[in-house]
Amino acid sequence: MEIPKQYDPKEAEQNHYERWEKQGCFAPEINRDANAPAFSIVIPPPNVTGSLHMGHALQHTMMDVITRYKRMCGYRTLWLPGMDHAGISTQLMVTRELKKEGVSRHDLGREKFVERVWKWKQESGGQITTQMRREGVSVDWSREKFTMDEDLSRAVREVFVRLYEEGMIYRGNRIVNWCPNDQTVLSDLEVEKIAQAGKLYYLRYPVKNGDGGVTVATTRPETMLGDTAVAVNPKDERYRDLVGTTLALPLTGREIPILADEFVDPEFGTGAVKVTPAHDPNDYDMGVRHNLEQIVVIDPQAKMTEAAGTEFAGLDRYKARTKVVEKFEELGLLEKVVDYEFSISKCERCKTVIEPLISTQWFLRMDELRDEALKLLASRKKPQFIPEVPYEKVYSSWLENLRDWTISRQLWWGHQIPAWYTAEGEVIVARTETEARAKAGTGELTQDPDVLDTWFSSQLWPFSAMGWPEKTKDLDTFYPTSVLMTGRDIIFLWVSRMVMMGLKFMGREPFADVFITGTILDAHGQRMSKTKMNGIDPLEVFDKYGVDATRLKLASVGSTDIRWSDKQVESYRNFANKIWNAARFALMNSEGATVDPESLDASPELALHDRWILSRLNRTARDVRKSLESYEFHEAVQTLYHFFWDDFCDWYIELTKADVTAEGASPQRTAARTRLLSVLEQALRLLHPFMPYITEELWQQLPGAGKHLLHPAYRDAEPTIMLAAYPEPKADSISDATEWEMEALIDLITRVRNIRSEMQIKPSEPITVLIGAPDEKLRGVYTANTNPIIRLLRASEVSVREKLDAPRASARAVLVGGGEVAVPLAGLIDFAQERQRLSKEKEKLAAEAAKLEAQLANPQFAERAPAEKVDELRARIADIAQRAAQLDQTIASLD
RNA sequence: AGGCGCGUAGCUCAGUUGGUAGAGCGCUGCCUCGACACGGCAGAGGUCUGGGGUUCAAGUCCCCACGCGCCUACCA
């Protein structure tokens with residue numbers, strides 16, 4: 001059998017995914033156990049416009065690890081995939097494409113444009129699913145959904161109609177965030193605030209028919225053209241007498257009142273605020289409170305309107321600003337201009353400065369929905385955030401301050417709002433046009449041209465993707481889902497809204513747990529972003545180091561932000577290679593043996609290393625399960641890495657090698673080979689959720705790997721490691737005593753190797769190893785393991801006695817448990833050097849002892865510390881003392 | 001302006017109820033001992049940002065300071 005020395009990930013990556021998918025391994029139906037518990041995840045649907053980035057790879061890896069793990073544990077497992085139509089991004093992307101052809105979307109018209117988007121989706125939407133297959137994600141593709149699918153659109157309309165009928169969705173005219181570039185309204189969450197250096201202008205408004213005036217401070221002088229009042233704080237002494245009087249608003253010929261409002265902060269600026277109800281959210285509220293006129297001076301293109309006056313009409317808002325300031329200066333009314341840093345609202349997509357405008361839009365009232373979500377969190381702690389701190393609070397405090405949600409968008413790509421208008425302007429909300437006609441009693445209807453915010457359909461995802469509003473079997477089985485795994489950036493946009501909608505329409509939370517992943521930063525700690533061009537393409541990393549290695553790295557990211565480093569992936573690539581070669585060794589020496597789980601029972605007759613590896617294996621299974629149950633992926637990875645590399649490869653394979661590679665078949669050799677294969681097979685299962693490809697590739701080659709190894713729930717399936725049972729820890733195989741014995745053996749071997757290294761004895765030079773072990777138990781351990789000791793130390797002779805009897809010219813070391821080891825080095829030893837080496841060791845012991853004794857010397861310690869801790873400390877001091885005494889003797893024997 | 005997180009070996013990071021500071025990479029020395037040089041063996045390297053406090057005991061809990069980052073906000 002020829003197995004290459006180096007693992008080639010590409011081959012394994014091509015070999016298995018298609019077969020898994022074809023054989024239905026990802027679908028819950030593969031599970032034939034009628035009583036199997038359910039486990040489900042819905043994927044955060046990637047934007048149809050996108051291609052795979054690190055954030056996806058990170059989330060997908062964690063979801064896949066947990067899904068594969070649960071599947072191997074026998075759960076009826078569903079990971080439901082799909083994509084989001086991503087209204088604005090997609091529309092912008094297709095618009096940009098059209099622009100290259102010299103066509104605008106208006107040239108095409110709505111119908112043709114939407115057709116074009118669908119065509120584009122057909123062509124490029126497949127890209128990300130191909131990339132996801134490469135990741136190895138075990139999603140059930142047969143259930144793949146798209147938020148614009150007909151059945152999901154139906155769910156959207158159903159929800160809209162019901163909420164409308166309950167009065168929670170309403171149409172209103174109010175101030176909204178308007179993007180002058182994209183020509184649509186945006187929700188508060190689609191607006192980003194960016195700190196910016198700007199100017200604060202102090203403008204003076206003269207009192208009508210009198211002396212004096214009031215100075216207001218503003219960052220947006222052009223909006224003064226729409227001012228309808230000046231407000232001061234009612235408690236502000238400076239302006240008390242002016243409240244109620246009238247100002248002559250410069251440049252406009254209009255007169256505006258001075259009014260008092262609590263909102264005004266007397267400390268800021270001059271303590272007097274210009275009020276522009278049509279162009280500022282705060283002023284809008286104030287205008288409502290005081291019943292002020294709303295004068296629209298800026299239009300949807302961000303140009304000044306006729307109402308701004310003939311001098312300004314048609315000017316861009318920034319040109320108008322300059323002009324207003326110039327005019328004020330000419331009039332001597334510009335008091336001063338100071339540098340000022342403030343945050344400005346920009347469109348998240350196109351970075352255009354948002355213009356607050358009054359507009360008629362659809363809104364969703366959030367108060368009741370919000371209250372239900374908060375109640376659920378308070379009463380049942382759902383969803384459970386991981387990590388709970390800080391995300392639970394982030395989530396709840398956002399909900400507490402929630403305002404109504406603007407759900408309409410002036411776009412063509414999306415779910416068109418199911419509202420129709422009669423010629424008389426009556427609003428009919430209905431599930432279909434037919435229903436609308438019936439309700440209206442006329443066919444003369446015009447549908448609202450707007451579409452819904454993308455997140456309006458995304459928030460239904462956990463149940464709409466499972467067939468709601470039909471009562472489906474999937475909803476019965478898989479709702480609520482088990483866990484949602486996503487980045488923290490969409491806790492508000494998506495997570496909270498899913499909770500509210502789940503409660504409203506399913507009567508239950510959509511997921512039990514919410515796991516928030518960390519963010520992968522670039523090597524300098526910067527966020528990866530398209531504009532910064534500092535993103536790392538996961539596909540390139542896959543090509544370079546393999547999918548499994550990349551997944552292991554991603555799984556160990558956990559919930560904290562981390563700087564990306566290829567080096568770490570490289571070390572996991574090396575780990576994959578290590579696994580490959582360990583298997584290669586087992587396979588090259590497998591003749592006559594097969595994988596046999598029965599061989600994994602720890603019996604007292606077994607050699608120490610055999611009992612030990614079984615203890616380690618079971619402990620590892622226990623620890624990994626525990627880590628995965630609490631989403632501690634990095635912990636699980638670390639445990640597996642350490643078990644496989646340090647325990648299994650460095651010690652077990654070395655210790656069992658003699659038996660496994662013995663010349664000529666024998667029952668002993670077969671037993672050793674069987675155990676090696678079987679431990680390896682268990683280790684591969686433990687690793688499989690993290691490294692699906694290499695584990696499957698190797699598992700398929702193991703002699704005796706077959707149907708009988710599958711979890712009972714999958715007995716009818718074709719053999720694959722992904723349906724094998726996840727190893728369960730056998731408590732009686734885990735033995736502290738065995739592991740302690742092994743540690744003593746490892747200690748002995750390491751100390752003698754240290755002697756070899758420090759005394760510069762050639763590796764090929766055989767040595768004699770003399771052991772003195774006063775402890776009977778340890779003497780037994782050394783005696784029983786003389787063969788392994790001889791092998792691992794390349795010793796020609798090993799003797800174990802109660803008391804060490806070694807020539808003066810020996811290098812020595814003190815062992816744990818108070819034993820002593822000596823390596824005779826006649827003619828090779830420099831006594832001075834040896835004395836120094838041992839003294840160094842003694843210093844270390846002395847330092848440690850001093851620390852511990854100081855602690856014990858403190859009378860308060862014995863008094864207040866638990867007895868158990870005191871005993872432990874005493875024992876440690878005794879052990880050190882014993883070793884120190886031994887060391888003294890050893891040093892003395894050199895004289 | 002508020003809220004939150006982070007600061008541990010040269011670098012990237014673990015450290016889960018307070019009780020012997022860990023890993024990977026990098027570094028030093030030795031090694032073709034047939035699973036693996038993407039390897040083996042043996043090492044060096046930390047006053048856990050600084051200062052105070054609680055405690056018998058603090059990387060771990062509390063307060064303050066410094067540095068870095070993130071989020072929220074109706075500061076004109």
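Every chain is numbered from 1, with letters handed out A, B, ... down the list of sequences. Here the structure is a predicted model, which means the values were calculated and not measured.
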For [X] and [N], give me the distance from atom [atom1] to atom [atom2], rounded to whole Å.
{"X": "A:Arg527", "N": "B:C71", "atom1": "CZ", "atom2": "C1'", "answer": "10 Å"}
{"X": "A:Tyr340", "N": "B:A1", "atom1": "OH", "atom2": "P", "answer": "11 Å"}
{"X": "A:Glu222", "N": "B:A76", "atom1": "CD", "atom2": "C1'", "answer": "13 Å"}
{"X": "A:Ile746", "N": "B:C41", "atom1": "CD1", "atom2": "C1'", "answer": "14 Å"}
{"X": "A:Ile749", "N": "B:C41", "atom1": "CD1", "atom2": "P", "answer": "11 Å"}
{"X": "A:Leu493", "N": "B:C71", "atom1": "CG", "atom2": "P", "answer": "13 Å"}
{"X": "A:Ile516", "N": "B:G5", "atom1": "CD1", "atom2": "P", "answer": "16 Å"}
{"X": "A:Glu848", "N": "B:U20", "atom1": "CD", "atom2": "P", "answer": "11 Å"}

Go ahead and name the base partner of [N]; Watson-Crick or wobble counts if both distances stay under 3.5 Å, otherwise write none.
{"N": "B:A1", "result": "B:U72"}
{"N": "B:C30", "result": "B:G40"}
{"N": "B:G50", "result": "B:C64"}
{"N": "B:G45", "result": "none"}
{"N": "B:A35", "result": "none"}
{"N": "B:U55", "result": "none"}
{"N": "B:U20", "result": "none"}
{"N": "B:A9", "result": "none"}

Of all the nucleotides listed ([options]), which has the minimum atom distance to the side chain of [X]?
{"X": "A:Asn581", "options": "B:A35, B:C71, B:C4", "result": "B:A35"}
{"X": "A:Phe263", "options": "B:G40, B:C74, B:A42", "result": "B:C74"}
{"X": "A:Lys193", "options": "B:C31, B:G39, B:C74", "result": "B:C74"}
{"X": "A:Phe585", "options": "B:C41, B:A35, B:A76", "result": "B:A35"}
{"X": "A:Arg584", "options": "B:A73, B:C36, B:U20", "result": "B:C36"}
{"X": "A:Lys851", "options": "B:C41, B:U20, B:A76", "result": "B:U20"}

Looking only at side-chain N and O atoms, does [X] come under 4.0 Å of OP1 or OP2 in [N]?
{"X": "A:Tyr201", "N": "B:A76", "value": "no"}
{"X": "A:Lys657", "N": "B:A35", "value": "yes"}
{"X": "A:Lys869", "N": "B:G18", "value": "no"}
{"X": "A:Trp645", "N": "B:G40", "value": "yes"}
{"X": "A:Lys844", "N": "B:A44", "value": "yes"}
{"X": "A:Asn754", "N": "B:G43", "value": "yes"}
{"X": "A:Thr750", "N": "B:A42", "value": "yes"}

For atom C1', what is the distance between B:C61 and B:U54, given to the nearest Å? 8 Å
For the C1' atoms, the ones on B:G3 and on B:U55, what distance do you get once it is rounded to whole angstrom? 30 Å
State, with a plain yes or no, whether a side-chain heavy atom of [X] is found less than 4.5 Å away from one of [Y].
{"X": "A:Tyr205", "Y": "A:Val230", "value": "yes"}
{"X": "A:Ile789", "Y": "A:Leu748", "value": "yes"}
{"X": "A:Asp265", "Y": "A:Asn233", "value": "no"}

hbond_proxy A:Glu654 side chain to B:A35 base (donor-acceptor, 3.5 Å cutoff): yes
Any donor-acceptor pair under 3.5 Å joining the side chain of A:Lys5 to the base of B:C36? no
Charged N to carboxylate O under 4.0 angstrom, [X] versus [Y]?
{"X": "A:Arg573", "Y": "A:Glu570", "result": "yes"}
{"X": "A:Asp566", "Y": "A:Lys553", "result": "no"}
{"X": "A:Lys193", "Y": "A:Asp188", "result": "no"}
{"X": "A:Asp8", "Y": "A:Lys10", "result": "no"}
{"X": "A:Glu848", "Y": "A:Arg883", "result": "no"}

Neighbour count >12 (heavy atoms, 6.0 Å) for atom NZ, A:Lys840: no
When the nearest nucleotide of RNA chain B is assigned to A:Gly271 and to A:Asn401 on a heavy-atom basis, which residue is associated with the more 5' position? A:Asn401
If you assign A:Ala862 and A:Asp283 each to the RNA chain B nucleotide with the nearest heavy atom, which residue ends up on the more 5' nucleotide? A:Ala862
I'd like to know if the side chain of A:Asp548 pairs up with that of A:Tyr572 as donor and acceptor (distance under 3.5 Å, no hydrogens or angles considered). no
Nucleotide by nucleotide, 5' to 3', does protein get under 4.0 Å of the base (B), only the sugar-phosphate (S), or neither (-) in nucleotides 7-17 of chain B, counting heavy atoms? -----BSSSB-
So is A:Lys657 actually on top of A:Phe585's ring, under 6.0 Å and inside 45° of the axis? yes
Minimal non-hydrogen separation, A:Leu587 against A:Gln701, with atom names: CD2-O, 3.6 Å
Of all heavy-atom pairs between A:Ile354 and A:Lys346, which one has the smallest distance, and what is that distance? CG1-C, 3.7 Å
Distances under 3.5 Å between protein N/O atoms and the N/O atoms of nucleotides 57-62 of chain B, please, pair by pair.
none

